[in-house]
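The structure under discussion appears below in the form of structure tokens.
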There are 2 protein chains.
Amino acid sequence: MGDVARLAGVSPATVARVLYEPEKVALARRQKVQAAIEATGYRPNVVARGLRTSRTWKIGLIIVDGRLNPYFVNLSQAIRLAAMAEGYTALTFQYGSANEPVADAVQQLILNRVDAVIFSYALRPEDIAPLTAANIPVVQVEQEAIAGTDAVMCDPAPGIRAAIAHLTALGHQRIAFMGGDPAAYARPRVHGTTMEEERLAAFRSAVRDLGADSDPSLEVLGRYFTLSGLDPSKEGRAMMQRILDMDQPPTAILASSDMLAAGILQVLNAAGKSVPGDFSVIGYDDSISSLLAPPVTSIGRPLQQIAKTTLDLAIAAITDADHRPMRRVFDTSLTVRASTAAPKS
Amino acid sequence: MGDVARLAGVSPATVARVLYEPEKVALARRQKVQAAIEATGYRPNVVARGLRTSRTWKIGLIIVDGRLNPYFVNLSQAIRLAAMAEGYTALTFQYGSANEPVADAVQQLILNRVDAVIFSYALRPEDIAPLTAANIPVVQVEQEAIAGTDAVMCDPAPGIRAAIAHLTALGHQRIAFMGGDPAAYARPRVHGTTMEEERLAAFRSAVRDLGADSDPSLEVLGRYFTLSGLDPSKEGRAMMQRILDMDQPPTAILASSDMLAAGILQVLNAAGKSVPGDFSVIGYDDSISSLLAPPVTSIGRPLQQIAKTTLDLAIAAITDADHRPMRRVFDTSLTVRASTAAPKS
DNA sequence: CTGAAAGCGCTTACAG
DNA sequence: CTGAAAGCGCTTACAG
């Protein structure tokens, strides 16, 4: 910066002004400074600026490890790109596998003086205190572990209803739901329901409204993945095995993640059964569904909008001292692929 | 820091000394300062330290977008964790999809004064100049686009030889290679060969040595993925279609990525063919191979070692002014799963 | 419209 | 062993 100032024959203050409020600098001088910036290739030191203004233009992102579910790769990528579009750089920490405690990630982000922290399925209430103490705003994505904090949510109901409607229109009567057990995921919550409860409730009401079988034995509940071993299709395989062992098995299965659907396909492949011939399968997340054989019909979310909104809320919280926490809800929707067809009659 | 100093009745300089060279502070004082640090929960501001010491403890990582190939999620995760273990925070930029030019990422990393930049399949020779000018060392992973720069490489030959040996032991004679076309990937190189050439050469020599058919028509070459559309199994589907159309099709296929293998399984599934009944399939990367149906035999790399070595080299380059660029090479290896069996006779 | 000066929170060479 | 002082590279309130 000193070089630029010297070259242009002005003070460093004027260089800064050309950078941030050029209209306040007389034209002749401004042009001289701009020429000097060009000539030297000068770009302000982000670290120094961060120290001076106590805005680092960094946001922290704490999100589930993408190796456990590639959906989180898509989400974190979308958030990172939305952040870049607004001039922010993302500092990402993965949560879920490895022994990388969320508390440590929070500490790191505080030390790095990030302007805001975005959590996706990773916020534990006890992590809020240090962030609040450091005056760092928080946005929750698809999670409401804390009241009074911005939250960007996804409503599973539209996608699940579309999935059940798709299956009943094909002629399916016995449709199984494979998903997270609400009892196993007693997540902290502020709205009285967890995601697992919401998805299960959406399934139940869609099945009831659309005339498919309402049979509790068709609700196959468990975990999405085991944290150890990085064998993310294991849970789906185990749950599909339970379905194959049923007295009155379903003809279609709605799984609560694409990873579960992958496990389903593996068990059916090993058992010599075909999809959609013997079973129709629908996934959730629209992550690896298009890579499976056959490509799997799946419920997806509007990722770009979620990411954009998340950033808008974070920026509002950063820049507006009077910002009131908001809650935004997006709809899920169904993408039909080759894993669903009419049942054998 | 001022608070701590006041509370302990010492100067800020002494607080800093307790933090960085405690043995130089008299015991009584040191304990007083440590107590004050405890009491206030003080942690040094990383931004200020970065400005003062011109070491930010950040490393930049520019790597292929994990949505194009999940292997890069595994690799970047491994590097990020290795960095954390050494006290570094990673600033990650994805390369390949979206319009996120590498040059911009490089600029961002320079502005952020990262201590080093790690490239995986993303280094273009023209990006080196600004980094060199900013005195930021570079490590190349699985890529040697530039001479005189640290490089951590993977030798495809051991894994490919193991794959072919596995197939010939099962009785396969006609084995196809599906991979990147060396002509399509005229990557910058310093060692005379590109990765595509190395893999193809490894295939050819393994096939020759192990007595399988050496038939140029069994080399099905193309691209790993299309950058547009985020349909990463598309290329594999197209190449598999070419194999199905052959007069003398192979009985086994070695694909150069798990994404290609996914496309293979999709085409065979749609054609009513079975794996490994009709075709044995081997993938590469050991990324989603364990999620496919059937789980796919795949060639993998020692990720933890690669990540650790990458960081060791980066740190050496950061801390040691006399550091001489090094080249480290790791072996690939085969993980056998359910997609390979004896051919139909 | 412009510059001199202060200060963000640290670290470290220097003097004692 | 310890403190006062300088300085990393910026931004901005203040005075003119």
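Residue numbers start from 1 in every chain, and the chains themselves are labelled A, B, ... in the order their sequence lines are given, proteins ahead of strands.
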Taking CG from A:N112 and C1' from C:dC8, how many angstroms apart are they, rounded to a whole number?
16 Å
Rounded to the nearest 0.5 Å, what's the gap from CG on B:L51 to CG on A:N45? Could you check?
6.5 Å
Modelled atom types, side-chain donor and acceptor of A:Q140 and A:D150, under 3.5 Å
no
Side-chain N or O of B:R29 closer than 4.0 Å to phosphate OP1/OP2 of D:dG3:
yes
Show me the pairs that pass side chain to side chain donor-acceptor pair (under 3.5 Å) and involve residues 123-136 of chain A, at least two apart or across chains.
A:R124-A:D127
Which part of the nucleic acid does A:S54 contact within heavy-atom distance under 4.0 Å: base, sugar-phosphate only, or nothing?
nothing
Any salt bridge between A:R30 and A:E23, counting N to O under 4.0 Å?
no
Nearest to side-chain heavy atoms of B:S11, which nucleotide of D:dT12, C:dC10, D:dG3
D:dG3
Round to the nearest Å and state the distance from A:I110 atom CD1 to C:dG9 atom C1'.
17 Å
Distance to the ring centre below 6.0 angstrom and angle to the axis at most 45 degrees; does that hold for B:R80 and B:Y88?
no
Can you name the closest pair of heavy atoms from B:Q143 and B:S120 and give their distance?
OE1-C, 4.0 Å
In terms of side-chain heavy atoms of A:N45, which of D:dG3, D:dG9, C:dC10 is nearest?
D:dG9
Figure out the CG/P separation between B:L27 and D:dT2, and round it to whole Å.
10 Å
Of the listed C:dC10, D:dG3, D:dC1, the closest approach to the B:A26 side chain comes from D:dC1
Nearest heavy-atom neighbours spanning B:S287 and B:P70
CB-C, 4.1 Å
Judged by nearest nucleotide, the residue sitting upstream toward the 5' end of DNA chain D, B:T53 or B:V25, is B:V25
Heavy atoms from C-beta onward define the side chain here; which of C:dG9, C:dG3, C:dT2 lies closest to that of B:L51?
C:dG9
Quick one: B:E21 CD to C:dC10 P, roughly how many Å, whole number?
17 Å
Nucleotide C:dT2, atom P - distance to CD of A:E23 in whole Å:
12 Å
Does the Lys NZ or Arg CZ of A:R301 fall within the cation-pi geometry relative to A:Y71 - under 6.0 Å from the ring centre and within 45° of the axis?
yes
Relative to the 5' end of DNA chain C, which residue comes earlier, B:R43 or B:R17, by the nucleotide with the nearest heavy atom?
B:R43
Secondary structure of DNA chain D in dot-bracket form (Watson-Crick or G-U wobble, distances below 3.5 Å, | marking inter-strand pairs):
|||.||||||||.|||
Nearest-nucleotide pick for A:A16, side chain only, options being D:dT12, D:dC10, C:dG9
D:dT12
Gap in Å between the two P atoms, one belonging to D:dA13 and one to D:dG9, rounded
23 Å
Rounding to an integer number of angstrom, what distance separates C:dT12 and C:dG16 when you compare their C1' atoms?
16 Å
For B:A13, which contact category applies under a 4.0 Å heavy-atom criterion: base, sugar-phosphate, or nothing?
base
What's the OH-P distance between B:Y20 and D:dC1, to the nearest Å?
20 Å
Checking only heavy atoms, does the side chain of B:R113 share a donor-acceptor pair with the base of D:dG9 at less than 3.5 Å?
no
Integer-rounded Å distance: C:dG9 P and A:L111 CG
14 Å
Rounded to whole Å, CG of B:D3 lies from C1' of C:dC10 at a distance of 14 Å
Using a 4.0 Å heavy-atom cut-off across all strands, classify A:T14 as base, sugar-phosphate, or nothing.
sugar-phosphate
